[in-house]
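Below: the structure, in structure tokens.
Both counts, for ligands and for their atoms, begin at 1 and track the order of listing. In what follows, every heavy atom counts, from backbone to side chain, and hydrogens, waters and symmetry copies are set aside.
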Amino acid sequence: MTDAELQEWVEELSLTRFGKAFRHEARFNPRLKTTGGRYRLDDHRIEMNPKYLPYGREVFGKIILHELCHYHLHLEGKGYRHRDREFKSLLKAVGGLRYAPGLPGQAKPAYVITCLACGKRTVRQRKMQVERYRCGLCQGMLKQERMEG
Ligand SMILES: [Zn+2]
Ligand SMILES: [Zn+2]
């Protein structure tokens, strides 16, 4: 997924779930480590962690909704912090994720298995002995990485 596609997705979720336009920039930031996304107070940009894409569109979309809650509340001068009542109730109303998956103390560690030949990625809760397996699609060799956070 490209930055432009992410931008479109964020704009669409903003309109359909909040009924409000997202007028700033959304982009991927591969340097994010323990968080699925973040909202920057200074330039109102939303940055998303591409390492969370293997969780699938639904989970990733819910992380975007979380960041959009920060965004809209902050721009409207309302309580945009995690502990604020307005944040909690808006998050619940739009169905956003309270915490990104894989954060310490919130979820079990996850492992991303990547096929070195075709690039297919899957997420597993348990570590596996990748040396013993091959890609189900192309029989390529597999690489295993622990999900950050
Ligand atoms: Zn947050
Ligand atoms: Zn493969």
Quick one, Y80 with H72, criterion side-chain contact (heavy atoms from CB on, under 4.5 Å). Give me CA distance, side-chain angles, the key distance, then yes/no. CA-CA 8 Å; Y80 64 88; H72 286 299; over 6 Å; no
Those residues at least two apart in sequence (or on a different chain) that pass side-chain hydrogen bond (donor to acceptor under 3.5 Å, both in side chains) with K120 are none
D84: which residues meet the side-chain hydrogen bond (donor to acceptor under 3.5 Å, both in side chains) condition with it, sequence neighbours left out? none
As a quick check of understanding, evaluate side-chain contact (heavy atoms from CB on, under 4.5 Å) for H24 and I46, giving each step before the final call. CA-CA 8 Å; H24 293 82; I46 286 179; over 6 Å; no
C135 and L142, any side-chain heavy atoms less than 4.5 Å apart: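 They are in contact (side-chain heavy atoms under 4.5 Å apart), so the answer is yes.
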Looking at E47 and R31, is any side-chain nitrogen of the basic one under 4.0 Å from a carboxylate oxygen of the acidic one?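 So R31 does not pair with E47 through a salt bridge.
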Which of these, F87, F22, F18, sits in a ring pair (Phe, Tyr, Trp, His ring centres under 6.0 Å) with H70?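 It is F87, the one option of F87, F22, F18 that forms the ring pair (Phe, Tyr, Trp, His ring centres under 6.0 Å) with H70.
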Is the closest side-chain donor-acceptor distance between Y39 and H74 under 3.5 Å? yes
Around the Zn ion (ligand 2), how many protein N, O or S atoms are there at under 2.8 Å? 4
Just wondering, are more than 12 heavy atoms of other shown residues or ligands nearer than 6.0 Å to CZ in R45? yes
Protein N/O/S atoms closer than 2.8 Å to the Zn ion (ligand 1): H66 NE2, H70 NE2, H82 NE2
